[in-house]
Number of protein chains: 2
Amino acid sequence: MDSSISVTTDVVIFALRGDDLQVLLVKRKLQPFAHQWTIPGGHVIPHESLEDAAVRVLFEKTSVRDIHMEQLYTFGDVKRDPRGRTITVTYLALVPGPLAVEPGPDTDDTEWKSVYKLPEMGFDHANIVTYALKRLRYKLEYSAVGFRMLPPEFTLTQLQRAYETVLGQKLDKRNFRRRILQAIVIEQVNKRTSGEGRPAMLYRFRDDAVSEVKTRRLFP
Amino acid sequence: MDSSISVTTDVVIFALRGDDLQVLLVKRKLQPFAHQWTIPGGHVIPHESLEDAAVRVLFEKTSVRDIHMEQLYTFGDVKRDPRGRTITVTYLALVPGPLAVEPGPDTDDTEWKSVYKLPEMGFDHANIVTYALKRLRYKLEYSAVGFRMLPPEFTLTQLQRAYETVLGQKLDKRNFRRRILQAIVIEQVNKRTSGEGRPAMLYRFRDDAVSEVKTRRLFP
DNA sequence: GCCGCTTCGTGTCTTAGTGACGCTTTAGAG
DNA sequence: CTCTAAAGCGTCACTAAGACACGAAGCGGC
């Protein structure tokens with residue numbers, strides 16, 4: 001019926017691959033915007049909460065759960081979906097490392113794409129990704145969510161690379177370490193057996209610390 | 001029909017009265033939650049955007065337009081409305097000074113209530129107000145939206161009072177002035193004829209400055 | 001086992017920002 | 001003229017931030 005409003009959720013899923021920040025996109029099979037890239041999403045089912053719907057969409061695409069996810073913004077322009085009035089509650093998800101993904105039933109293809117070279121996208125999804133990137137950068141500057149895109153144990157250099165990749169700028173090694181250690185990371189006993197160079201100490205995120213601690217700017 | 005989701009918008013409207021931060025509440029006439037306080041809201045009409053709906057609700061309650069308003073969060077728990085599945089896209093509005101308000105057709109009463117002494121509230125609206133207050137404080141610390149709750153021309157002491165009232169703490173006069181002036185306020189020629197004490201210089205917000213400038217923390 | 005390569009890990013100094021703090025000035029009322 | 005009430009203003013000590021370079025630890029090849 002045309003007098004009601006459809007509710008969907010779309011999830012911007014970020015991951016790091018090498019020195020690139022990537023977002024998971026799916027290529028639509030159906031109209032509208034057939035054969036165009038979009039971020040994964042779906043209708044919210046009446047008996048599931050918004051959060052549950054977003055978790056479900058994420059799981060369907062990546063088979064991961066229990067990762068960082070937060071509500072981003074709700075987009076609700078009247079003409080954003082040509083099929084009829086639809087609002088979308090968007091979420092931002094950070095997954096650790098690059099994951100293998102398979103195209104779903106309604107998609108031609110599923111791929112990780114660099115946020116620095118985004119393809120044309122259907123609906124208002126290009127806006128959504130841009131907004132999500134802005135938010136991610138903002139969060140990285142002020143809080144400590146960087147961990148969430150790394151494996152459970154990581155080196156400080158890996159972490160610094162992650163920050164540099166997301167923020168799109170080089171950071172000073174010593175200042176980075178000083179600042180990140182003044183916050184809430186615990187060090188590990190394990191050494192690392194890297195093929196190249198001197199082994200690095202591994203760190204892991206402290207469970208007892210809240211990742212969202214509001215600190216002074218970490219990287220102004 | 002029970003298989004669809006209703007979309008509403010609710011607006012948390014803050015204003016200062018004296019040394020109190022207040023929120024506009026309406027007392028419902030109808031079930032559910034009849035005779036309980038809620039924040040003003042209404043259904044989103046299919047041919048209006050979310051933002052337009054929020055502006056409309058605000059106007060219906062306060063007869064003001066063109067004030068600071070921003071999207072807050074979208075609440076969508078399954079059981080938040082006993083009538084059926086409803087999500088609400090909430091907005092935060094700041095209005096200058098206390099405004100007279102009249103109860104609308106579906107409300108018993110409309111009143112400004114102190115955020116420090118909130119009554120029991122229907123739906124999940126107590127949560128929403130709490131969340132809005134948290135967001136407002138956060139914004140005040142980092143940006144300069146304090147102006148938006150004052151008349152167009154104001155003294156620095158008034159502005160400081162506003163910050164103190166919202167943040168719930170005293171601030172140092174000289175440090176406050178130093179910081180606020182290092183940002184984006186323009187001074188005025190007018191003196192003020194206060195009954196009490198030495199007249200103060202009036203200031204007004206600079207149109208050419210963006211109120212949302214991200215500064216270093218103003219008041220940590 | 002020595003050398004060379006690669007990456008890890010560390011400290012200091014300079015500059016800028018933050019927080020604490022009290023007294024003089026101005027106008028109105030009596 | 002005096003009193004009262006609020007406005008307006010500057011300094012100093014401390015902390016945070018940014019710039020900057022080199023020795024240490026493993027590994028692989030010879």
(request) Carefully, step by step, assess B:E60 and B:R56 under the rule salt bridge (Lys or Arg N to Asp or Glu O under 4.0 Å). (result) CA-CA 6 Å; B:E60 286 169 4; B:R56 175 175 55 76; 3.2 Å; yes
(request) Choose from C:dC8, D:dA7, D:dA17 the nucleotide whose nearest atom is closest to any side-chain atom of A:T157. (result) C:dC8
(request) Output the single nucleotide from C:dC21, D:dA7, C:dG9 whose closest atom is nearest the side chain of A:A200. (result)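 Selected nucleotide: C:dG9.
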d([atom1], [X]; [atom2], [N]) in whole Å:
{"X": "A:R179", "N": "C:dT10", "atom1": "CZ", "atom2": "P", "answer": "17 Å"}
{"X": "A:I180", "N": "D:dA17", "atom1": "CD1", "atom2": "P", "answer": "12 Å"}
{"X": "B:Q160", "N": "D:dA6", "atom1": "CD", "atom2": "P", "answer": "14 Å"}
{"X": "A:L159", "N": "C:dC8", "atom1": "CG", "atom2": "P", "answer": "13 Å"}
{"X": "A:L171", "N": "D:dA17", "atom1": "CG", "atom2": "P", "answer": "14 Å"}
{"X": "B:N175", "N": "D:dT15", "atom1": "CG", "atom2": "C1'", "answer": "15 Å"}
{"X": "B:F176", "N": "D:dG8", "atom1": "CZ", "atom2": "P", "answer": "13 Å"}
{"X": "A:F154", "N": "C:dC8", "atom1": "CZ", "atom2": "P", "answer": "14 Å"}

(request) Take the C1' atoms of the five end pairs on each side of the helix from C:dG1-D:dC30 to C:dG30-D:dC1, derive the two axes, and give their angle rounded to 10 degrees. (result)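 Angle reported: 0°, given to the nearest ten degrees.
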(request) Could you tell me whether the side chain of B:Q158 and the main chain of B:T155 form a donor-acceptor pair under 3.5 Å? (result)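 Yes.
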(message) Quick check against the 3.5 Å criterion: does A:S114 have a side-chain atom that pairs as donor or acceptor with the backbone of A:Y116?
(response)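 Such a contact is found between A:S114 side chain and A:Y116 backbone.
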(request) Kindly indicate whether the side chain of A:T157, heavy atoms from C-beta on, has any atom under 4.5 Å from the side chain of A:Q160. (result) no
(message) Using salt bridge (Lys or Arg N to Asp or Glu O under 4.0 Å), reason through A:E70 and A:K139 one step at a time and then give a plain yes or no.
(response) CA-CA 11 Å; A:E70 66 179 64; A:K139 288 201 72 102; 3.2 Å; yes
(request) Look at the side chain of A:R178 against the base of C:dG11 and say whether a donor-acceptor pair falls under 3.5 Å; ignore hydrogens and angles. (result) no
(request) Under 4.0 Å between any heavy atoms, over every strand shown, what does B:T155 touch: base, sugar-phosphate, or nothing? Just pick one. (result) nothing
(request) Hey, which sits more toward the 5' end of DNA chain D by its nearest nucleotide, B:Q158 or B:D172? (result) B:Q158
Check whether [Y] forms a cation-pi arrangement with [X] (NZ or CZ under 6.0 Å from the six-membered ring centre, at most 45° off the ring normal).
{"X": "B:R148", "Y": "B:F205", "result": "yes"}
{"X": "B:R28", "Y": "B:F33", "result": "no"}
{"X": "A:R135", "Y": "A:Y73", "result": "no"}

(message) Generate the contact string for nucleotides 22-30 of chain C. Rules: B means base contact, S means sugar-phosphate contact only, - means no protein heavy atom under 4.0 Å.
(response) B--BBSS--
(request) Quick one: list whatever passes side-chain hydrogen bond (donor to acceptor under 3.5 Å, both in side chains) with A:T9, sequence neighbours left out. (result)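 In terms of side-chain hydrogen bond (donor to acceptor under 3.5 Å, both in side chains), with neighbours along the sequence ignored, A:T9 is linked to no residue.
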